[in-house]
Number of protein chains: 2
Amino acid sequence: MTSSGFNLSEFLPYKLSVLSSRVTKMLSKVYSEEYGFSTPEWRVLVHVARREKMSVREIHDSVYLEKPSVSRAVAKLEQAGLLAKSTCDADHRLVEIEITDAGLKVFNAIVPDALSFEAALLEAFTLKERQDLHHLLLRLQDALDRQAEPVVQQSPKSRADT
Amino acid sequence: MTSSGFNLSEFLPYKLSVLSSRVTKMLSKVYSEEYGFSTPEWRVLVHVARREKMSVREIHDSVYLEKPSVSRAVAKLEQAGLLAKSTCDADHRLVEIEITDAGLKVFNAIVPDALSFEAALLEAFTLKERQDLHHLLLRLQDALDRQAEPVVQQSPKSRADT
DNA sequence: TGTTAATCGTTGCAAGTGAAACGAATTTTC
DNA sequence: GAAAATTCGTTTCACTTGCAACGATTAACA
């Protein structure tokens with residue numbers, strides 16, 4: 001007996017992890033080789049680029065990065081002159097983060113490359129296949145959400161969050 | 001002008017990364033909470049479990065881990081008595097790694113949990129959807145392979161490897 | 001209003017990771 | 001057969017990451 005028939009290379013979490021690592025690594029060339037950005041910096045920059053002012057907390061919630069990662073990424077991007085920080089008047093705990101003109105310029109220069117990388121990945125996919133992929137990934141996210149909180153049958157006055 | 005219409009949350013590399021991170025994190029509970037394994041240790045254990053003897057190099061090639069990670073994982077698993085190391089007679093550079101009875105016991109105890117985690121993820125998927133998912137992920141891998149080496153038109157006596 | 005609790009962003013710290021370097025062993029080449 | 005080049009596994013080192021703690025500020029509550 002040499003163990004059961006478990007094959008790692010056919011195990012969905014493994015396949016996802018390897019694929020994701022490879023994609024992330026290749027994409028990172030787009031923003032690291034030329035601009036020296038790390039992945040957190042990339043995410044923060046492109047996220048801040050589309051909204052007005054936002055806090056560290058909001059970025060943290062939106063971009064799947066730990067608070068310390070966001071904080072450090074923001075600090076580095078500010079130091080590079082691509083982001084501007086200021087304390088919120090209404091609440092002095094909050095930091096208002098905003099993209100600068102220089103940041104927007106970099107953003108506009110990088111995004112096309114990122115998009116064409118994505119396009120190259122999906123080059124051979126039909127429209128339906130792209131929709132299927134999108135849909136299946138969403139379904140997996142849903143399964144994770146359900147898995148995360150096995151909800152032990154809540155009482156009538158249940159809560160929407162938690 | 002507040003930047004172009006780039007939406008990170010619809011960007012495939014980002015979606016893949018977030019999904020993969022979440023899946024990996026949840027799966028890791030299966031092997032870390034009870035056995036204290038890290039992801040490299042989990043991968044090495046389940047990979048070594050199915051074959052006879054193998055080298056660090058072979059694991060490195062098979063399991064998408066850096067050589068140092070494999071080396072450390074093997075060392076830790078050996079220290080825990082789950083793997084056995086010995087130098088190869090035919091080539092003293094190589095290390096022969098083999099699972100022990102204790103390792104096999106742990107393996108057999110963990111695998112069902114890992115499989116039922118995967119099953120829970122795919123619970124709501126029809127057979128066709130599972131096949132589609134598998135197929136689409138493979139297609140992405142292919143796209144990455146093609147992207148990795150844009151192959152600058154090789155000479156007639158081309159090489160199979162590189 | 002004054003005290004406690006909660007929230008925000010940052011920093012410290014321990015653990016993990018990847019790239020290069022290293023000694024040991026083998027293969028290649030002349 | 002000796003020298004150079006390659007391969008193997010480990011170690012070192014710089015860097016990143018996640019978690020917990022912290023000071024500062026605001027909210028809750030009595």
Side-chain angles (χ1 to χ4, degrees), chain A residues 17-18 20-22 24-29 31-33 36-44 47-48 53-79 83-98 161-162, chain B residues 17-18 20-22 24-29 31-33 36-44 47-48 53-79 83-98 161-162:
Chain A
S17 176
V18 170
S20 165
S21 296
R22 293 188 64 194
T24 296
K25 193 170 187 177
M26 289 209 68
L27 171 66
S28 75
K29 287 183 186 171
Y31 49 72
S32 85
E33 238 163 41
F37 293 151
S38 67
T39 297
E41 290 160 27
W42 152 256
R43 287 193 190 168
V44 168
H47 184 69
V48 173
K53 295 180 176 179
M54 51 195 327
S55 68
V56 169
R57 171 76 172 165
E58 188 181 355
I59 301 175
H60 159 67
D61 286 337
S62 307
V63 144
Y64 202 76
L65 289 173
E66 297 298 319
K67 250 191 317 175
S69 295
V70 175
S71 180
R72 290 188 247 258
V74 167
K76 206 163 183 183
L77 290 170
E78 185 203 18
Q79 189 180 343
L83 256 46
K85 279 171 64 177
S86 56
T87 45
C88 175
D89 284 343
D91 187 339
H92 284 200
R93 294 172 302 181
L94 275 64
V95 172
E96 287 177 340
I97 300 159
E98 205 175 4
D161 58 291
T162 13
Chain B
S17 176
V18 170
S20 166
S21 296
R22 292 188 65 194
T24 297
K25 194 170 188 177
M26 289 208 68
L27 171 66
S28 74
K29 288 183 186 171
Y31 49 72
S32 86
E33 240 163 40
F37 293 151
S38 67
T39 297
E41 290 159 27
W42 151 257
R43 287 193 190 169
V44 167
H47 184 68
V48 173
K53 296 179 174 179
M54 51 195 327
S55 68
V56 168
R57 171 73 171 167
E58 188 181 354
I59 301 176
H60 159 67
D61 286 337
S62 307
V63 144
Y64 203 77
L65 289 172
E66 296 299 319
K67 251 191 314 177
S69 294
V70 174
S71 180
R72 290 187 250 255
V74 167
K76 208 163 183 183
L77 291 171
E78 185 203 18
Q79 190 181 341
L83 255 46
K85 277 171 66 177
S86 57
T87 46
C88 176
D89 284 343
D91 187 338
H92 285 201
R93 291 172 304 181
L94 276 63
V95 171
E96 287 178 340
I97 299 158
E98 206 175 2
D161 58 288
T162 26

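Quick note on labels: first sequence line is chain A, next is B, and so on, each numbered from 1.
We find that NE2 of H60(B) is positioned 13 Å from P of dT10(D), with the value rounded to whole Å. Between R57(B) atom CZ and dT10(D) atom C1' the separation is 15 Å, expressed in whole Å.
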**Study point:** Base versus backbone protein contacts along nucleotides 14-26 of chain D [heavy-atom cut-off under 4.0 Å; B, S, -]
**Key:** ---SBBB----BS

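By the 6.0 Å contact criterion, NZ on K29(A) is open, its count of non-hydrogen atoms from other residues, nucleotides or ligands being 12 or less.
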Exercise for review: Show your reasoning for whether side chain to side chain donor-acceptor pair (under 3.5 Å) applies to S55(B) and E58(B).
Suggested key: CA-CA 5 Å; S55(B) 68; E58(B) 188 181 354; 4.6 Å; no

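Closest of all the heavy-atom pairs between S20(B) and S17(A) is OG-CA, 3.3 Å.
Using modelled atom types and a 3.5 Å distance limit, the side chains of S38(B) and E41(B) yield a donor-acceptor pair.
Using a 4.0 Å cutoff to heavy atoms of chain A, the contacted part of DNA chain C runs 5' to 3' from dT7(C) to dG12(C).
The shortest side-chain heavy-atom distance between V74(A) and V44(A) falls under the 4.5 Å cut-off.
Judged purely by atom type and a 3.5 angstrom limit, S71(B) has no side-chain atom pairing as donor or acceptor with the backbone of K67(B). When atom types are taken as modelled, the side chain of S28(B) and the backbone of K25(B) share a donor-acceptor pair closer than 3.5 angstrom. In this structure a side-chain-to-backbone donor-acceptor pair under 3.5 Å is missing from S69(A) to L65(A).
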